[in-house]
Amino acid sequence: MNERRNRQLSAIVGTFLVLIAGGVVLLVENLLKTPLLLSQVTLLGLAGIFDIVAATDTRLTDRWAWYQWSGLGNILLGLSLPLGFVGSENSLFLVLVAAIGGLSLAAMGIDMLVYHGQYTRSERLDRNST
């Protein structure tokens, strides 16, 4: 496993998610009046922030390993996916499809956060490996 490449990828994904969330906040009027969209944007923004934290060496990554922060970001991203389709036309089908995709992301995130990647990767990740 190439830790540096994975952390760089976390930075790119995190930046992208923060930019999307920020763009929605700036472009959507009355965001507070649409609680589902507000929830989705909040989860996306937090997922991006956690991915950026995963890419950096800070006190936060001293407390939790980088991959745990990335896992938390995956969980939040997975939770946000179905929210975008609630209330739309063909809502049930789209929510189910997005929920399945979101569930897989969340499961991978739980593995990274709790089980240190033991199940989604062939070996348990070690925070001290380079």
Interatomic spacing from CD1 in Ile52 to CD1 in Ile12 - rounded to 0.5 Å: 11.5 Å
Minimum-distance pair of heavy atoms, taken over all atoms of Gly73 and Ala47: O-CB, 3.3 Å
Same apolar cluster (I L V M F W Y, side chains within < 4.5 Å links), Val95/Leu103: no
Nearest-0.5 Å distance, CG of residue Leu31 to NZ of residue Lys33: 11.5 Å
Least distance between heavy atoms, Ser70 atom then Ala54 atom: N-CB, 3.7 Å
Close side-chain approach of His116 and Gln68, heavy atoms under 4.5 Å: yes
CE on Met108 to OH on Tyr115, rounded to 0.5 Å: 16.0 Å
Sub-4.5 Å side-chain heavy-atom contact between Leu43 and Leu77: no
Ile49 CD1 to Thr15 OG1 distance, which is reported to the nearest 0.5 Å: 11.0 Å
Same apolar cluster: Leu94 and Leu96, side chain cutoff 4.5 Å: no
Flag, side chain of Thr34 to backbone of Leu36, donor-acceptor distance under 3.5 Å: no
Nearest atoms (heavy-atom pairs only) where Gly78 meets Leu105: CA-CB, 4.0 Å
Partner of Leu79 by side chain to side chain contact (heavy atoms under 4.5 Å, CB included), out of Leu83, Ile75, Leu81: Ile75
Verify same cluster id: Phe85, Val97 (apolar side-chain graph, 4.5 Å): yes
Separation between CG of Leu19 and CG of Leu26, rounded to the nearest 0.5 Å: 10.5 Å
Considering all heavy atoms, the nearest Thr61-Trp66 contact: CG2-CA, 4.3 Å
Rounded distance [0.5 Å steps], CG in Leu44 versus CZ in Phe16: 9.5 Å
Heavy-atom check, side chain of Leu113 versus side chain of Tyr67, under 4.5 Å: no
Atom of Leu17, atom of Asp51 and distance for their closest heavy-atom approach: CD1-OD2, 4.2 Å
In one Ile/Leu/Val/Met/Phe/Trp/Tyr side-chain cluster, 4.5 Å: Val41, Leu32: yes
Ring geometry between Trp69 and Trp64 (parallel below 30°, tilted from 30 to 60°, perpendicular above 60°): tilted
In one Ile/Leu/Val/Met/Phe/Trp/Tyr side-chain cluster, 4.5 Å: Val24, Val86: no
Short N-O contact, Arg7 and Asp57, less than 4.0 angstrom: yes
